[in-house]
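What follows is a set of notes on a single structure, which appears directly below.
Residue numbering restarts at 1 for every chain, and letters A, B, ... go by the order of the sequence lines.
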2 protein chains.
Amino acid sequence: MKVMNVPTDRLKLAKDEFIAQWGALGTQWGINRTMAQIHALLMTSPQVMCTDEVMEELSISRGNAHTNLKELVNWGLIKMIVVKGDRRDFYEAEKDVWQIFTIIARERKRREIEPALAILNRCVAETKDLKSAEAKTFHNQVKDLEEFVSFASKMSDRVAGMKHGFALQLATKLLG
Amino acid sequence: MKVMNVPTDRLKLAKDEFIAQWGALGTQWGINRTMAQIHALLMTSPQVMCTDEVMEELSISRGNAHTNLKELVNWGLIKMIVVKGDRRDFYEAEKDVWQIFTIIARERKRREIEPALAILNRCVAETKDLKSAEAKTFHNQVKDLEEFVSFASKMSDRVAGMKHGFALQLATKLLG
DNA sequence: CATTACTTTCATTAAATACTGAAAGTTCAG
DNA sequence: CTGAACTTTCAGTATTTAATGAAAGTAATG
């Protein structure tokens with residue numbers, strides 16, 4: 001095996017650390033460990049990678065690599081790349097942080113906010129005409145929640161739809 | 001058993017639906033089902049409730065109820081209430097949606113953003129002085145992430161620290 | 001059309017997470 | 001003190017979620 005020079009070795013250590021920790025974080029985020037690790041790996045890889053390289057690098061099975069690569073493609077966080085003259089599928093991560101942010105925001109909205117809104121709307125509608133004090137408490141609370149979540153949802157669209165520069169400008173004003 | 005009138009029955013149905021669905025949603029949010037259900041139950045309850053009432057209502061064990069009530073108190077989403085002349089602990093949920101939002105934002109920041117920042121900072125520092133092209137790619141990507149996450153963290157503080165009215169005003173301008 | 005080089009699926013196994021219920025702990029009243 | 005009424009803990013169990021690896025599928029090549 002090739003003896004690595006010091007800088008490369010330190011890079012490898014930092015990268016492995018990053019991948020491992022990002023994976024652990026993923027679980028906090030409701031994303032599975034492997035998916036987060038693959039994302040970290042591809043995001044910091046200067047080249048596109050094929051399935052076998054990912055398997056090798058992370059010591060995971062083919063099925064696992066495949067499932068999670070597909071899921072990342074689904075989210076839009078990575079793209080499949082065809083290299084001509086090569087049958088293998090290669091993958092490349094989106095690297096622009098603002099893009100990554102908008103993709104994650106969109107996906108979280110779809111998975112977390114929209115179902116919540118659906119439930120809230122239904123519960124508001126189902127109790128609109130009830131007259132008891134208890135029913136009114138319930139109805140009002142759910143309506144407040146519904147209004148807030150609906151509002152948050154619109155805000156999220158608005159912010160994620162901005163160009164990076166504009167968002168930054170707005171935010172700077174806000175922080176200033 | 002008492003025969004319920006129609007409105008009460010419809011309320012019960014809506015409430016059960018709300019609790020069940022909110023619980024299911026909780027799992028998407030990385031919160032466990034029971035914790036989300038208890039939260040939904042207390043948030044829409046006109047009165048404070050004791051452990052046994054929660055157990056009864058949700059058909060869960062004492063241990064489970066206890067653990068999750070504690071966790072909700074920890075988050076600050078519910079408060080323990082002492083009723084004098086009664087040894088039992090009662091619980092009451094925070095009902096103001098803006099308060100709920102700021103509590104959840106704070107908690108998510110603590111659990112999701114801060115650990116991420118710690119890792120990113122470390123990886124940036126560890127690769128600052130490496131010279132290879134690959135190291136530079138890694139360093140730059142991680143630095144971009146670090147800057148973005150740090151920025152998002154500050155934004156989150158700023159927004160969650162606002163008074164509801166002010167946030168609303170700002171947001172209205174943004175949406176308008 | 002048969003071989004090769006890959007991708008995809010899926011039944012099984014493993015790991016992580018949540019729940020139960022009984023036992024131990026605490027507090028207070030008599 | 002003692003017992004009653006409640007809270008807290010935790011070992012064991014159940015449920016849920018993720019990973020494996022082998023088998024099946026697909027498509028390009030000669």
| said: Below 4.0 angstrom, which residues in residues 107-115 of chain B have at least one non-hydrogen atom near DNA chain D? | reply: none

| said: How would you summarise protein contacts on nucleotides 25-30 of chain D per nucleotide, using B for base, S for sugar-phosphate only and - for none, with heavy-atom distances below 4.0 Å? | reply: --BBS-

| said: For a quick check, with a 4.0 angstrom heavy-atom cut-off, what is the B/S/- contact string for nucleotides 14-20 of chain C, read 5' to 3'? | reply: ----SSB

Starting at [atom1] of [X] and ending at [atom2] of [N], how long is that distance when rounded to a whole Å?
X: B:D52; N: D:dT7; atom1: CG; atom2: P; answer: 7 Å
X: B:K84; N: C:dA29; atom1: NZ; atom2: P; answer: 14 Å
X: A:W29; N: D:dA18; atom1: CH2; atom2: C1'; answer: 21 Å
X: B:L69; N: D:dT9; atom1: CG; atom2: C1'; answer: 15 Å
X: B:K70; N: D:dC10; atom1: NZ; atom2: C1'; answer: 15 Å
X: B:R88; N: C:dT26; atom1: CZ; atom2: C1'; answer: 17 Å
X: B:E71; N: D:dT8; atom1: CD; atom2: P; answer: 14 Å

Using the test side chain to side chain contact (heavy atoms under 4.5 Å, CB included), find all partners of [X] that sit at least two apart in sequence or belong to another chain.
X: A:E114; answer: A:K109, A:R110
X: B:P46; answer: A:E134, A:T137, B:K15
X: A:E146; answer: A:L117, A:L120, A:N121, A:V124, A:S150

| task | I would like to know whether A:R106 and A:W75 meet side chain to side chain contact (heavy atoms under 4.5 Å, CB included); could you show each step before the answer? | result | CA-CA 9 Å; A:R106 173 160 41 78; A:W75 278 54; over 6 Å; no

Which pairs would a plain distance check flag for residues 169-176 of chain B, meaning a side-chain donor or acceptor within less than 3.5 Å of a matching protein atom at least two apart in sequence or in another chain?
{"unit_1": "B:T172", "atom_1": "OG1", "unit_2": "B:L168", "atom_2": "O", "d": "2.6"}

| field | salt bridge (Lys or Arg N to Asp or Glu O under 4.0 Å) pairs, two or more places apart, involving residues 65-87 of chain A | value | A:D86-A:R88

| said: Under the side chain to side chain donor-acceptor pair (under 3.5 Å) definition, can you give me all pairs with a residue in residues 24-33 of chain A, not counting sequence neighbours? | reply: A:N32-A:N68

| query | What residue pairs, at least two apart or across chains, pass side chain to side chain donor-acceptor pair (under 3.5 Å) with a residue in residues 43-55 of chain A? | reply | A:D52-A:R62

| field | Members besides B:V48 in its Ile/Leu/Val/Met/Phe/Trp/Tyr cluster (side-chain heavy atoms under 4.5 Å) | value | B:I81, B:V83, B:F90

| request: Mind jotting down which residue pairs meet the ring pair (Phe, Tyr, Trp, His ring centres under 6.0 Å) criterion with at least one end in residues 106-164 of chain B? Sequence neighbours excluded, please. | output: A:F18-B:F138, A:F101-B:F148, B:W98-B:H164

| task | With side chain to side chain contact (heavy atoms under 4.5 Å, CB included) as the test, would you mind laying out the steps for B:E126 and A:R10 before giving the verdict? | result | CA-CA 8 Å; B:E126 279 166 3; A:R10 277 174 55 207; 5.8 Å; no

| Taking only side-chain nitrogens and oxygens of B:H66, does any of them come within less than 4.0 Å of OP1 or OP2 of D:dT7? | no

